[in-house]
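Notes to accompany the following structure.
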Amino acid sequence: MDDDILQRVRLTLTNYLEDNHLRKTPERYAILETIYGMSGHFTLEELGEKMEKKNFRVSRATLYNAIRLFQKLRLVVKHNLSQETRYEACVPTEDHCHQICTICGKVKEVNSPALQGIIQSVKLRRFHQSGYTLYIYGVCSSCQSKLTRLRKRRNA
């Protein structure tokens with residue numbers, strides 16, 4: 001985890017809490033730090049387990065409320081991926097794409113400068129784009145291989 005990024009997201013949270021006269025609880029900061037210490041996508045259950053491993057027990061309601069706050073601040077992105085809700089740490093200006101297998105549900109981040117350039121070059125009328133998330137659905141190579149083998153067996 002990059003200390004600079006963690007410092008930026010902590011400052012974003014602190015400024016919001018102060019501006020809105022909300023309490024700066026240790027739970028919120030611990031949850032935020034745990035999220036930014038995780039790699040990739042996670043569920044609320046996985047986040048709770050990670051918090052417990054750090055000997056920091058928080059209720060499911062506290063996790064849910066913190067996640068909703070972080071979503072509002074664009075520090076966390078919610079994804080509804082293959083019949084499951086997952087979350088991801090996301091610095092507010094971070095754009096990214098996902099490819100999702102519709103058979104096994106595997107999710108992979110896609111880094112495509114060409115695709116990013118196309119999306120950023122799109123002129124949106126009366127709208128200032130601040131970020132995007134793109135989902136590309138299809139069949140991964142593993143599942144495609146299984147399907148091909150299955151078809152060959154049926155035709156044999």
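Atom CD of E52 sits about 10.5 Å away from atom CG of L47, to the nearest 0.5 Å. The CG atom of N65 sits 12.0 Å away from atom CD of E27, with the distance rounded to the nearest 0.5 Å. Rounding to the nearest 0.5 Å gives a distance of 14.0 Å between SG of C90 and CZ of F70. In this structure, NZ in K152 is found 12.5 Å from CG in L147, a value given to the nearest 0.5 Å. Atom CE of M51 is separated from atom CD1 of I35 by 8.5 Å, given to the nearest 0.5 angstrom. A distance of 5.5 Å separates CD1 of I136 from SG of C97, quoted to the nearest 0.5 Å.
Scanning all heavy atoms of the two residues, the minimum distance from L69 to Y16 falls at CD1-CE2, 3.4 Å. Scanning both residues, K50 and M38, for their nearest heavy atoms gives CE-CG, 4.2 Å. Closest approach of Y29 and R10 over heavy atoms only: CD2-NH1, 3.3 Å. Among all heavy-atom pairs drawn from K106 and S142, the shortest one is NZ-OG, 4.4 Å. Among all heavy-atom pairs drawn from L32 and V9, the shortest one is CD2-O, 3.8 Å. Residues Q144 and V139 come closest through the heavy atom pair N-CG1, 3.7 Å.
Side chains of E46 and H41 form no contact here, defined as non-hydrogen atoms less than 4.5 Å apart. Looking at Q116 and N111, their side chains come closer than 4.5 Å, going by heavy atoms from C-beta outward.
R28 places a side-chain N or O within donor-acceptor distance of the main-chain N or O of R23, the cut-off being under 3.5 Å. For T62 (side chain) and V58 (main-chain N/O), no donor-acceptor pair under 3.5 Å exists by modelled atom type.
In this structure, the salt bridge (Lys or Arg N to Asp or Glu O under 4.0 Å) partners of K24, at least two apart in sequence or on a different chain, are E18. Among residues two or more places apart in sequence or in another chain, the side-chain contact (heavy atoms from CB on, under 4.5 Å) test is passed with K78 by Q71, N80, T85, Y87. Residues forming a side-chain contact (heavy atoms from CB on, under 4.5 Å) with L11 (at least two apart in sequence, or on another chain): N15.
Side-chain contact, S59 with Y64: no donor N or O sits under 3.5 Å from an acceptor N or O.
In terms of hydrophobic clustering, with Ile, Leu, Val, Met, Phe, Trp and Tyr side chains grouped at heavy-atom distances under 4.5 Å, L6 and L73 are assigned to a common cluster.
Using cut-offs of 30° and 60° on the angle between ring planes, the pair H79 and H98 is perpendicular.
Residue-environment remark: NZ (K54) exceeds the threshold of 12 foreign heavy atoms within 6.0 Å.
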task = Determine, stepwise, if the pair T148 / S145 fulfils side chain to side chain donor-acceptor pair (under 3.5 Å).
result = CA-CA 5 Å; T148 302; S145 295; over 6 Å; no
